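Here the structure is a predicted model, which means the values were calculated and not measured.
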Amino acid sequence: MQLASLPDRRALTHPDDPAVSDSRESLTNHDLLSRVQACAAHLAEAGVGPRDVVAVRLTNRSELIVLLFAAWRLGASVTPVNPALTPGEVQRQVLDAEACVVVVEDGMRIDGVVTLDVDAVGRDHVGATVAAHEDSSALALLIYTSGTTGTPKGVMLDHANVNHMAAMIVEALELGAEDRCLLILPLFHVNGLVVSVISPLLAGGSVHVSDRFDPQSFFPVVHEQRATFVSVVPTILSMLTTLPDDAPIDTSSLRFIVCGAAPASADLLDRAERRFDTPVLEGYGLSEGTCASTVNPMAGPRKVGTVGVALPGQEVCIMSDVGAILPTGVDGEVVVRGPNVMRGYLNRPEETAATVIDGWLHTGDLGCLDADGYLTIVGRSKDMIIRGGENIYPKEIEDVLTADPTVLEAAVIGAPDETWGEVVVAYVQPRPGRTIDVEALTHRCADALSRYKRPTLIIVVDSIPTNAVGKIDKRALRATHLSATQEPE
């Protein structure tokens with residue numbers, strides 16, 4: 001099935017059924033197609049065509065979905081931009097993606113790139129028609145994710161990747177025309193786009209886009225919208241379980257909750273299921289795999305502590321460091337193979353070759369499979385920090401800190417946090433004869449980094465521990481930090 005013409009098929013068969021809504025508007029299938037056509041005509045007028053890239057820097061709103069299908073209609077791809085990024089970070093992504101157009105909502109301008117205001121896009125093109133450009137090998141999404149170097153990389157996902165991924169989710173979650181997703185995750189993530197938008201629309205269902213997550217209004221919105229499922233991260237689930245006992249919680253419409261993006265404890269999953277009387281399905285995946293590779297099944301046992309079984313059409317195995325497939329119960333690197341595996345990293349052939357080997361996506365995560373094929377994640381071979389479902393890569397922050405003339409070395413680690421799962425903590429070592437001004441470092445981070453990446457604590461030490469070969473020993477640093485911050489019994 002071609003995604004570019006999905007609005008056409010929905011409008012042809014069920015024109016008056018609900019498609020997309022947010023707090024400001026509600027679009028039927030007919031409305032969605034009309035808006036997509038007008039938006040596509042506007043983008044074409046701005047010079048967008050096949051193989052071009054459209055950057056979209058928007059908060060969650062229905063227009064982002066309209067823009068997605070409009071760009072696809074023209075044979076262009078979309079790179080969603082986190083609206084919380086600093087101007088410098090936005091510029092870096094837009095230029096790296098070679099986007100020809102940026103759609104914004106706050107007046108930001110990027111030098112050398114056509115900038116359109118979202119409220120004006122399509123306004124003067126009502127009634128226009130643009131034929132859908134359909135090519136399963138064409139690039140659909142360019143999702144930026146950081147690697148161990150801290151430099152954001154563009155994950156290239158073509159229409160075949162996205163189409164297969166959405167079909168897998170529809171099958172695994174048993175989605176149908178009666179399903180309505182409440183979207184609360186950000187639409188600059190592949191999770192929000194694929195699980196919460198494209199999959200329910202492909203199944204004939206609908207989606208309601210929340211502006212932002214608010215634990216106080218979450219269940220009233222679920223009730224009002226009669227949502228049948230929602231995708232969350234553990235931090236959100238944790239916030240919801242701490243709502244007061246007298247909070248209005250109506251889950252009668254919910255069939256299930258999907259939880260992913262970061263490990264969730266067995267205790268949290270158990271508390272959530274009992275509090276909300278709703279199955280919580282934990283899953284696992286990467287942007288490089290177009291979002292999801294495993295999920296605890298709708299039909300069949302849900303094994304708490306695991307992230308479930310491989311989605312239909314995917315293979316998930318455990319591999320040794322010499323490329324051998326390991327047997328059940330043995331720890332190794334999690335590898336994934338299937339039509340959902342990315343085309344590669346934009347303009348980074350060497351990193352692509354090191355990540356996708358003989359068709360296997362090497363995740364960098366460590367895990368094991370049980371006899372029933374359920375995957376347990378046992379650790380991360382990378383130093384990634386996951387704060388509230390957001391991936392944070394220490395090298396990017398360390399580079400900002402060591403750019404200060406008083407800092408000799410910097411080591412950034414994730415520290416446990418009850419609300420966010422992990423928070424960023426930075427250890428800094430002064431240059432000989434210099435004194436580090438922590439307040440000045442804090443301002444430097446505020447200027448260069450998005451809020452969620454900034455250290456919550458900067459600790460000045462005489463020296464940062466290193467291993468036998470002189471590399472910073474973050475394992476020892478984490479252990480020392482944990483020991484120093486634990487309350488005495």
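Within a 6.0 Å sphere centred on NE2 of His125, other residues, nucleotides and ligands contribute more than 12 heavy atoms. Counting heavy-atom neighbours within 6.0 Å of His223 NE2, excluding the residue itself, gives a total of 12 or less. Shown here is Arg24, whose CZ atom has more than 12 heavy atoms of other residues, nucleotides or ligands within 6.0 Å. More than 12 heavy atoms of other residues, nucleotides or ligands shown are found within 6.0 angstrom of CZ on Arg226.
With sequence neighbours excluded, the residues that form a side-chain contact (heavy atoms from CB on, under 4.5 Å) with Arg387 are Ile392, Trp420, Tyr452. Remark: Val304 engages Ala266, Leu269 in a side-chain contact (heavy atoms from CB on, under 4.5 Å) (not counting sequence neighbours). Remark: Ser287 engages no residue in a side-chain hydrogen bond (donor to acceptor under 3.5 Å, both in side chains) (not counting sequence neighbours). Considering only residues two or more places apart in sequence or on other chains, Thr306 meets the side-chain hydrogen bond (donor to acceptor under 3.5 Å, both in side chains) condition with none of them. For Asp370, the salt bridge (Lys or Arg N to Asp or Glu O under 4.0 Å) criterion is met by Lys303, not counting sequence neighbours. Judged as a side-chain contact (heavy atoms from CB on, under 4.5 Å), and not counting sequence neighbours, the contacts of Glu315 are Arg337, Trp360. Residues satisfying the side-chain hydrogen bond (donor to acceptor under 3.5 Å, both in side chains) criterion with His189, sequence neighbours excluded, are Glu390. Listed by chain and residue number, Leu237, Thr241, Phe276, Val280 satisfy the side-chain contact (heavy atoms from CB on, under 4.5 Å) test with Ala272 (two or more places apart in sequence, or in another chain).
Residue pairs meeting the side-chain hydrogen bond (donor to acceptor under 3.5 Å, both in side chains) criterion with at least one member in residues 191-207, sequence neighbours excluded: Arg180-Ser206, Asn191-Ser231. Sequence neighbours left out, the pairs with a member in residues 104-133 that pass salt bridge (charged side-chain N to carboxylate O under 4.0 Å, His left out) are Arg57-Asp106, Arg61-Glu105, Arg61-Asp119. Note on residues 79-115: no pairs pass ring-ring contact (aromatic ring centres under 6.0 Å, His included), not counting sequence neighbours. Applying the salt bridge (charged side-chain N to carboxylate O under 4.0 Å, His left out) test to every pair with at least one member in residues 132-142, sequence neighbours left out, gives no pairs at all.
Just one residue in the list Val56, Thr115, Val81 forms a side chain to side chain contact (heavy atoms under 4.5 Å, CB included) with Val104, and that residue is Thr115. Across Leu281, Val232, Val233, Leu268, a single residue satisfies side chain to side chain contact (heavy atoms under 4.5 Å, CB included) together with Cys259, and that is Val232.
Residues Thr355 and Met342 form a side-chain contact, since some pair of their non-hydrogen atoms from C-beta on lies under 4.5 Å apart. Within the 4.5 Å cutoff, no side-chain heavy atoms of Tyr284 are placed close to those of Val316. Annotation: side chain of Val190 is not in contact with side chain of Met165 (no heavy-atom distance under 4.5 Å).
Checking His159 against Ser136 by side-chain atom types alone, no donor-acceptor pair falls below 3.5 Å. For the 3.5 Å distance criterion, the side chains of Glu25 and Ser62 qualify, holding a donor opposite an acceptor. Residues Thr28 and Asp31 have side chains that bring a donor and an acceptor to within less than 3.5 angstrom of each other. A donor-acceptor pair shorter than 3.5 Å can be found between the side chains of Asp179 and Thr228. Using modelled atom types, one finds a donor on one side chain and an acceptor on the other under 3.5 Å when comparing Ser23 with Asp211. Asn29 and Arg10 share a side-chain donor-acceptor pair at under 3.5 Å.
Counting only distance, with no hydrogens or angles, the side chain of Glu422 and the backbone of Ile386 share a donor-acceptor pair below 3.5 Å. Checked by atom type and distance alone, the side chain of Gln93 pairs as donor or acceptor with a backbone atom of Pro80 at under 3.5 Å. No donor-acceptor distance shorter than 3.5 angstrom exists from the side chain of Ser26 to the backbone of Ser21, with no hydrogens or angles considered. A distance-only check finds a donor-acceptor pair linking the side chain of Thr352 to the backbone of Tyr345 [under 3.5 Å]. With hydrogens and angles disregarded, a donor-acceptor distance shorter than 3.5 Å links the side chain of Gln314 to the backbone of Ala292. His42 contributes a side-chain N or O that, together with a main-chain N or O of Gly122, makes up a donor-acceptor pair within less than 3.5 Å. With hydrogens and angles ignored, the 3.5 Å screen pairs a side-chain donor or acceptor of Thr86 with a backbone N or O of Glu89.
Between the CD1 atom in Ile385 and the NZ atom in Lys453 there is a gap of 12.0 Å [rounded to 0.5 Å]. Once rounded to the nearest 0.5 Å, the distance linking CG of Leu201 with CZ of Arg9 reads 11.5 Å. Taking CD of Glu333 as the reference point, atom CG of Asp321 lies at 9.5 Å (rounded to 0.5 Å). How far CG of Asp22 is from CG of Leu27: 7.5 Å, rounded to the nearest 0.5 Å. Ile318 contributes atom CD1, which lies 5.5 Å from atom CG of Leu375 (distance to the nearest 0.5 angstrom). We find the CG-OG1 distance between Leu366 and Thr376 to be 12.5 Å, quoted to the nearest 0.5 Å.
The residues Glu398 and Lys474 are annotated as salt-bridged, a charged nitrogen and a carboxylate oxygen being separated by less than 4.0 angstrom.
When all heavy atoms of Leu182 and Ala227 are compared, the pair lying nearest together is CB-CB, 3.8 Å. Residue Asn161 comes nearest to Pro339 through the heavy atom pair ND2-O, 2.8 Å, listed as atom of the first residue, atom of the second, then distance. Among all heavy-atom pairs drawn from Leu202 and Ala166, the shortest one is CD2-CB, 3.7 Å. In plain terms, the two heavy atoms of Ala46 and Leu116 that are nearest each other are CB-CD1, 4.3 Å. Contact detail for Val162 and Thr290: the closest heavy-atom pair is CA-CG2, 4.0 Å. Heavy atoms only, all atoms of each residue included: Asn347 and Asp96 are closest at ND2-O, 4.4 Å.
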